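Written below as structure tokens is the structure these notes are about.
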There are 2 protein chains.
Amino acid sequence: MSTADKLIDEAGRLIVNAGYNGFSYAHLAERLGIRKASIHHHFPSKVDLVVAVVEQQRAAIREQIAALENDEPDAMAQLLAYVNYWKRCIEDQSEPFCLAGVLAVELPGLPEEVGVAVRGHFNDLGEWLKRVMALGVRQGAIQLELEPDTSAQFFQTTLYGAMVMARAYGDPGKFNFVVDAFLARMRTDRS
Amino acid sequence: MSTADKLIDEAGRLIVNAGYNGFSYAHLAERLGIRKASIHHHFPSKVDLVVAVVEQQRAAIREQIAALENDEPDAMAQLLAYVNYWKRCIEDQSEPFCLAGVLAVELPGLPEEVGVAVRGHFNDLGEWLKRVMALGVRQGAIQLELEPDTSAQFFQTTLYGAMVMARAYGDPGKFNFVVDAFLARMRTDRS
DNA sequence: CTATATCGACCTACCAGAAGGTAGATCGCG
DNA sequence: CGCGATCTACCTTCTGGTAGGTCGATATAG
């Protein structure tokens, strides 16, 4: 793993914990056992670094989604795979919040370029959810009384809301609980 | 309005916009047209100030809730009143996010005392929602297939998730849309 | 097969400004 | 007078960022 990758990785962790203004080059340098100036060699400014972090995450998720859409024909199974990914991340605290989610909350106070990347992630996720919801309705696995777009926004809302809940209550189980209740409802709802 | 109150008020606005680490005494002083040192006279440290901000908000909401529980016997009407409060705040951008919500997202990077106050707010809100949901079930206005506690957590999740959505998409309408869909479901769900 | 030029990664040593915070003077009011 | 509110002036530490040097690997020329 290259130093640049390590920087992106560790910066991501720090941002998830404390937000954009909650970490510094000094923190990051200490964590990696290098000097501040070396970070500037790889990422001239903090904005460059944070944009790189968000974009890397975006690319990873887009890839994950593309693989799901190729390999898993069942809409509900796709959703479950995605949800299970987050369940694991939150349960073992390896990534206890969505990076873009943390940044989205402080969006008004962020440099413009970071904001663009963050909105990009939300759009990526939103678009996929629309597709998978429409597919689920066609497959009869998801409730019919709502538009797929509505279900998608609903689902995204629940995901991020559940992350807030897990963090606010200091209880990763809250995420599982809420998300499971949501999914159970979706399935039993076939009216 | 006393200077201390103005400080709490303005600090709240700044925190809602950019989080705990996204505002400074210098910012705040500039906004109020006074000097930094004068802020320290009222709130010796930043932690003191932020705790005061959260606690004031907590008190205000508790008061609002108590009034609702006294004056409004109908559970669904209580929920609507609360939701409408947030709809207004978000639509006119006077308070585009819950203060405690912003802080909750950066909780791991916050001073302990602030964290305690933030968790306090979430508990306050959660407890009320449990009560009002149980009442709603008794009144037959809310779906019966879920425990009141589950519905309460569900509702809280949707509220905070919808705030994240509104901010991430830069569209206050997202909040209304998602929350209305949630409420509509709750009501039509009487199985 | 050496000698040397080049280059990327990292370093030390700085800088200006902003951060949170303190000391102590001044001002106005009961 | 006493006191609260505000001020000026200052301190220390941290911030993101820069300048310029060292080191080792690799490429190239003699």
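Order of the sequence lines sets the chain letters (A, B, ...), proteins ahead of strands, with each chain counted from 1. As the structure is a computational prediction, the values presented were derived from the model and not from experiment.
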Inset, instruction - Check the surroundings of atom CD in A:Glu113: do more than 12 heavy atoms from other residues, nucleotides or ligands lie under 6.0 Å from it? - result: no

Inset, instruction - Classify the angle between the aromatic ring planes of A:Phe122 and B:Tyr169 as parallel (below 30°), tilted (30 to 60°) or perpendicular (above 60°). - result: perpendicular

Inset, instruction - Apply salt bridge (Lys or Arg N to Asp or Glu O under 4.0 Å) to B:Asp92 and B:Arg88, showing your working. - result: CA-CA 6 Å; B:Asp92 68 14; B:Arg88 275 194 306 277; over 6 Å; no

Legend entry - Closest listed nucleotide, where the reference is the side chain of A:His42 and the choices are C:dC11, C:dA9, D:dT6: C:dA9

Inset, instruction - Quickly work out the B:Ile34 CD1 to D:dT8 P distance and round it to whole Å. - result: 12 Å

What protein N or O atoms touch nucleotides 19-26 of chain C N or O atoms at under 3.5 angstrom, if any, and at what distances?
| residue | atom | partner | partner atom | Å |
| --- | --- | --- | --- | --- |
| C:dA19 | OP1 | B:Ser24 | OG | 3.0 |
| C:dG20 | OP1 | B:Lys46 | NZ | 2.8 |
| C:dG20 | OP2 | B:Tyr25 | N | 3.0 |
| C:dG20 | N7 | B:Lys36 | NZ | 3.1 |
| C:dG20 | O6 | B:Lys36 | NZ | 3.1 |
| C:dG21 | OP2 | B:Lys46 | N | 2.8 |
| C:dG21 | N7 | B:His40 | NE2 | 3.4 |
| C:dG21 | O6 | B:Lys36 | NZ | 3.1 |

Inset, instruction - Would you indicate, yes or no, if C:dA9 has its OP1 or OP2 atom less than 4.0 angstrom from a side-chain nitrogen or oxygen of A:Thr3? - result: no

Legend entry - Enclosure of B:Glu55 CD (heavy-atom neighbours >12, cutoff 6.0 Å): yes

Legend entry - Whole-Å gap separating P (D:dC10) and CZ (B:Arg35): 16 Å

Inset, instruction - Establish, with yes or no, whether the OP1 or OP2 oxygen of C:dA9 is under 4.0 angstrom from a side-chain nitrogen or oxygen of A:His41. - result: yes

Inset, instruction - Would you mind reading off the distance between B:Ile39 atom CD1 and D:dG4 atom P, rounded to a whole angstrom? - result: 20 Å

Inset, instruction - Give a yes or no on this: more than 12 heavy atoms of other residues, nucleotides or ligands lie within 6.0 Å of atom CD of A:Glu63. - result: no

Legend entry - NZ or CZ of A:Lys130 within 45° of A:Phe155 ring axis and under 6.0 Å: no

